Each structure stands twice: as structure tokens, then as C-alpha cells.
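Predicted model, so just to flag it, every value in this text is computed and none were measured. Nothing fancy with the numbering, it's 1 onward along the sequence.
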Amino acid sequence: MSVNEVLSSLAIGLTQGLVYGLLALGIVLVYKGTKTLNFAQPYFGLVAAFLCWWLTYQGRLFGLQVMPLAAGSNLRFLLATVLSLALIGLYGFGVEHGVVRRLGNAPRLVTLVATIALAQGAVGLVQLLFNRSEEQAAVARRLPTLLPWSFEVGTRVVTGADIQVLILAPVICAVLAVFFKRSKFGVAIRAAAENADAARLLGIPVAKVSSFTWVAGAVLAGVAGILITEVRNSLDIASLGNGFLVRALAAALVGGLTSLPGAIVGGLFVGVAEALITTAFNGTEGVPETLLFVIVLAVLLVRPGGLFGQPERTQEAAAFVPAIRELPARLRATGAAKALRVHGWALVVLAIGVGMVTGPKTTGILTLIAIYAMVGVSLTVLVGFAGQISLGHWALVGVGAFGMCDLVTKFHVPYLVALPITVVLGMVVSLVIGLPALRIRGLYLAIATLAFALSCDFFFFRYRAISNGTAGVDLQPPKFGPLDLDAISNRPLYLFTCALLLATMLLARNLRIGRSGRNLLALRENEKAAATLGIPLMANKLIAFAVSGGIAALAGALYATYSDGARSVAFPTDRSLVLIAMVMIGGLGSLQGPVLGAVLVFGLKDLLRFENPWLVPIGTGIVLLLVLIRARGGAAGAVAIARERLVSNLEEDRLVDRSTTTAAISRS
């Protein structure tokens, strides 16, 4: 790189890094105040930026203009900024009171999943308000810049938006530093972050501290969202989504997840590194995301506490996985229980049979439900059995899809031979991801797997040698005698997929009831106790990752067969977050849960012909929050409770009938 290119990269990196630092500052502040890793942080900024844009340029509500001044003017933009930040701060207050406080005694992994639900809801809200129609989606959105100045650094023009960031970010950091060091409430926040119980004994209002940190974190996210929109001169959902989140998380990790100054230092590091990497690789898409994944892994493995923070133990797996109630021993051998099991299998046969009489479109939807259910089984093995959370599982499905397509299309491997090879490929990739899990866990493992998904989304699945770039790889579904997987009716593929789904569920069940399954459950509940009992932690963790990765890759191969190929756009990062919601809604502790979750999250919308793009994220977010707060067992837990009540009532009725008959016989 030339000197001018280096100077230009530094100018870009400094501006973007300060914005990343502000977003990371909000993440660290919320984490210090409530021990919640807020994955919804960039989505708060997304909502604030869209609100600011709407108030600046439109501002009409029910046909009435609610904003004074001329549309797009600087004064109106200032007023819109203040109002949008106030609204997003109020939203943060509502989130803390309505969600976080209700999950106060839950493990941190549960609150992390709750923030994923909040992120889904925020995306759906923006789509509902601003992207309902094609006309709305086609609008080129931007925010005005207050400062008219500009100058050149190398080949880069430093705009007024950049100058605003260079002025505002240090001022905000300085104000926060003075607040936390000099004010009584700031000192109280620091004390509550160190030890909430001790702070309560000293009379510190921990509840107020929690509310303040969420409000301040939401406002910082709003500031970051508005500033990055001005710098990039465009506003869309994708630019303030998972990529923004991973960069902020990387910044927080580099600086230290518990260090406020470290968040800004980490943001500058990530911003400058991203700009230099982009310049060095001539703007090749996906390279910065891939190297961010490497940086995240390196920090977590070498220095988990970051440059300024302290490493924390984040192992809280047991309470994260809900217990699904089994039938009491006194009811398992009853006639009612046996009859219910027979009816259950009849229902399974009926559900499969439905796909044999429906039209091609409905049968195709049922096939996709079965594929998503298989991915859910994969997550259940990893998260439900072993307690190892993964936020990058849809990327493993992509590995299976591209692996199958490349084997069949490029290397001319027969389909039935390529299928097990794809499973092995998924196991190997999952093992590589699982190796860091031997050293990191909990929240940190979630961050690492999310970074893996982002690197696959933006780089590996667009790499020419793997996917022919964005064009993807085609796949011609084969025909095995009467089983034509390319049939227009979709019925043979549906039967094939259902058969493999049942096989994976049987495999997972046998794994759970076997010795390895008992070891995994012991590992999930308490790693230290399991190690004391002589259970090999390393081997069992890797078994869970391998089995889970193999099932996910198998689902990917079927997905590619259904889609006639694999393309990068089919494997977005946010789908991995929806999968976590799917298994939690279905019931993470049960193998029936993935099927129920797939129907509720992915199938119901298509089966009922709902076309609104905002329906799934909003509905998923709301239902997931209800599950986490009210019914951790999800749909499978509700089914288990209903089953127990039904069997108990039937058995009581049978006993009453028997006693009545006996009494009648004795009287006669």
C-alpha cells in the first residue's frame, strides 16, 4: 500500500472505529450494570436511525404533519435527532422494566436469548413501519450533515459527517468518564457492577442503576446508528444489523467486556484494522468479516479479559436448558399412556401422509419444515444435551449445502455417496468450531459462533472456489427408481426428508439415553462435578459438536436438493438467530420441540399464506419473550403437561369405572 492509501485507510478507520466504540460502549455499560450481553444493541440504533429519518423528511401521522420546520432542514434534523434519541431511551427503559427485570434471576444465557428476541422484534418493527411496500423499500434514505466542511487525507475526503464523529465521540466519552468518576450516581453504578448484593446492603438503588444503564445503552446505540448513517450516506436494515453487531462485540472484547475506556480503544482497533484490510485486499467483500472472526477467536483464546478488562466465568448451562416433564412412573405403564403413544405414532403417520395428498407448493412447504426441524434436532444435541450454545448453526447448514453441490456437480460424486461425505464434512467443520469451546464457553462461545456465521455469510459462501461467487452452485436432484427427488409434486423428496428426519431424531434419542448422552447431560449440568466423576470433558464436547454438525450438514444437503442448488443469499447470518428462537419456542429439552418450533416459526406463515415480511420477526420475538418469561419449556413443555393431565384423568376415569362395575357386580 502507498502512503496515501495508508493515510486514507486511517482516516476511514478512525471515523468508523469511533462509531463502533460508541456502540461497544453501550454494550459494556449494559453488561456492567446488569450482566446482560445485549445482542439487540445495534438494532436499537437501527430503530433510532429510521425514526430520525422519518421525522426529518416525512413526519406525517394520520395525514397530519407532526413536525415543524421545513422537511430536510438542519434545524428539523436536530429536533428529529433529539426526539428519536428520547424515544429510543424510553424504549430501553421499557425493555429493562418489561423483560430484563422479569428475568433477573435467570442465567445470563437466557437473557442473551431474550435480547435476540428483542433484535428480531426491532427488525420486524422497522419493516412494518418503513418497509411495508415495494415503494417504501425502494426509497433511498439518508440523513443530512450539519457541518459543511471537508478536507482531504491521502485519497480520502474527510466529510462533515466524519468531522461530526471526530468531535462528538470524544465529547461523549469525556462526559461519561467525568460522570462515572465524579458523580455519586456514577460511583453507585460502578459499585453495583462490581457486586450487586454488596451494593444493596450499602443502600445503592440497584434497580435504578439497571434502568439507567439500559436507557444510556439505548441512547448510545441511537447516537451510533445516526452517526454511521451520516458517514455512509445511506440507511437500510442490512447496514445496521449483524455486521454492525459483530464489529461492536469485537471492539468490546478487544478492549475488555467490563472496561468502558477499553470499548473505545477496541472500536478504534477494529475500525482501523477493517479499513487497512479492505484497502490491502482491494475491497474484496467478506475479508474484513473473516478476519474479525479470527480476531475474536484470538482474543477469546489468548486474553479473554481483553486489553483492559478481567476474564469472567460464563458457564451457566443447566438453567438455560428447560426441563421437559416426563410422565410420572406410576402413569407410564398404564393403558391410557400406551394408548396415547399409539395415537401419537398414528398422528406422525397422518402428518406424513398429509404431504402425499397436498399440492406441490404445500408439499414443498412441508419439506422445508422437515429440513428446519432437522436443524433443530442438531441444535438440540449441542445446546439441549451438552449446553454448548451456537449462534452460527445456519452456516453449518450452508457448509452441507455447498459441500453436496460441489461434490455432485464439480467432482461428479454419486448423490448417495456424496450424502455421507457431506455429513462427515459437517462434522469436521463443526469440530474445528468446537475446538475453541474447550477453552471458552457461555456468552463468549456465542460471540465466536456468531462471528463464524458472519464470515461464512460474507466470504466463504461467496468465494469462487466454493460457490462460483454470488452465482452459486446448481444441483440436479437425482432419481432412484420410483423415488424421483426432482418430481414436480415434491412428494418423493418429502418422503425422503421425513425418513431422514426420523432417523436423526432416533439417533439423537439413542445418544441421549446411552452412556455418551448421560455424560453430556452431566457436562451440561456441572462441568466441574462431571470432571470430578471422571467424565472426559474434551471428548464429550467434541462428540456433541461432531454429531450436531453432521446433522446440520445433512439438513443442508437436503436444502440444496430442494432448492436445486446452493447460493450465498440463502444462508444469511440472522437465520442462525431465528433458529435459536425456533428451538426455544418449540422446547429445547425435547426432540419433539424442533418439529413444533419449525411448524410455528417457519411453516405457519407459509401454510397460511402470510406475505408480510415483518410478521415472522415480530411474531418470533414476541412468542420467544413469552416463552422465556412464562413457559421456558416452550410448546413441547405445554404438550407434556397436557399429556400428563390427559393420562391422569383417563386413568382416574378407568379406576372409577372399574370400582363402579365391581360394586354393581357385588350388589347383584
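For the pair Leu29/Phe180, a side-chain contact is recorded, criterion being any heavy-atom separation below 4.5 Å from C-beta on. With contacts defined as side-chain heavy-atom distances shorter than 4.5 Å, the pair Arg630/Leu625 does not qualify. In this structure, the side chains of Arg575 and Val397 stay at 4.5 Å or more apart for every pair of heavy atoms. Taking 4.5 Å as the limit, every side-chain heavy atom of Leu450 sits out of range of all side-chain heavy atoms of Leu454. Within the 4.5 Å cutoff, side-chain heavy atoms of Ile629 are placed close to those of Leu103. Looking at heavy atoms from C-beta onward, Asn242 lies in side-chain contact with Leu577 at the 4.5 angstrom threshold. Counting heavy atoms from C-beta on, the side chains of Leu249 and Leu37 come closer than 4.5 Å. Side-chain contact check for Val547 versus Leu511: some heavy-atom pair is nearer than 4.5 Å.
Side chain of Thr115 to main chain of Phe39: a donor-acceptor pair is present (N/O by atom type, distance under 3.5 Å, no hydrogens or angles). Of the possible polar contacts, one joining the Thr504 side chain to the Leu501 backbone as a donor-acceptor pair under 3.5 Å is found. The main-chain N or O of Ser467 is never found under 3.5 Å from a side-chain atom of Arg462 such that the two would form a donor-acceptor pair. Panel note: side chain Arg101, backbone Ser211; no donor-acceptor pair is recorded below 3.5 Å. A distance-only check finds a donor-acceptor pair linking the side chain of Ser590 to the backbone of Gln592 [under 3.5 Å]. Counting only distance, with no hydrogens or angles, the side chain of Arg232 and the backbone of Ser239 share a donor-acceptor pair below 3.5 Å. Between the side chain of Ser455 and the main chain of Thr290, no donor-acceptor pair closer than 3.5 Å is present. Remark: side-chain polar atoms of Gln388 are not paired, donor with acceptor, to backbone N or O of Phe545 under 3.5 angstrom. For the pair Arg247 (side chain) and Gly243 (backbone), a donor-acceptor distance under 3.5 Å is present. Without hydrogens or angle criteria, Asp457 side chain to Thr573 main chain gives a donor-acceptor distance under 3.5 Å.
Atom NE2 of His97 is separated from atom OG of Ser210 by 8.5 Å, given to the nearest 0.5 angstrom. The CG atom of Leu227 sits 12.5 Å away from the CD atom of Gln16 when rounded to the nearest 0.5 Å. For the atom pair Phe385 CZ and Ile543 CD1, the distance stands at 13.5 Å (nearest 0.5 Å). With rounding to the nearest 0.5 angstrom, the CD1 atom of Ile580 is 8.5 Å from the OG atom of Ser576. Separation of atoms CD (Glu96) and CZ (Phe212) is listed at 12.5 Å; rounding is to 0.5 Å. One distance of note links CG of Leu25 with OG of Ser259; it measures 9.5 Å at 0.5 Å rounding.
Classification of the Tyr559-Trp394 ring pair by plane angle, with boundaries at 30° and 60°, yields perpendicular.
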Are Tyr372 and Val601 close enough, and set up right, to give a side chain to side chain contact (heavy atoms under 4.5 Å, CB included), and what steps lead you there?
CA-CA 10 Å; Tyr372 281 117; Val601 174; over 6 Å; no
What's the verdict on side chain to side chain contact (heavy atoms under 4.5 Å, CB included) for His393 and Leu396, showing C-alpha distance, side-chain angles and the deciding distance?
CA-CA 5 Å; His393 234 62; Leu396 286 174; 3.8 Å; yes
Between Lys32 and Thr213, is a side chain to side chain contact (heavy atoms under 4.5 Å, CB included) present by the stated rule, with each step listed?
CA-CA 8 Å; Lys32 284 176 69 69; Thr213 55; over 6 Å; no
Applying side chain to side chain contact (heavy atoms under 4.5 Å, CB included) to Phe452 and Val429, what does each step give before you reach the verdict?
CA-CA 11 Å; Phe452 163 74; Val429 174; 4.2 Å; yes
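Taking all atoms of both residues into account, the shortest heavy-atom contact from Asn38 to Gln41 is ND2-OE1, 3.0 Å. Here the closest non-hydrogen pair linking Gly400 and Thr422 is O-CG2, 3.3 Å. Closest approach of Leu112 and Leu391 over heavy atoms only: CD2-CD1, 4.3 Å. Closest heavy-atom contact between Ser548 and Val381: N-CG1, 4.3 Å. Across every non-hydrogen atom of Leu425 and Gly403, the tightest pair is CD2-CA, 3.9 Å. Closest approach of Leu379 and Ser390 over heavy atoms only: CD2-O, 4.1 Å.
Of the candidates Leu628, Leu626, Ile622, Leu624 forms a side chain to side chain contact (heavy atoms under 4.5 Å, CB included) with just one, namely Leu628.
Within a 6.0 Å radius of CZ in Arg102, no more than 12 heavy atoms belonging to other residues, nucleotides or ligands are found. The local environment of OH in Tyr463 is sparse, with at most 12 non-hydrogen atoms from other residues, nucleotides or ligands closer than 6.0 Å.
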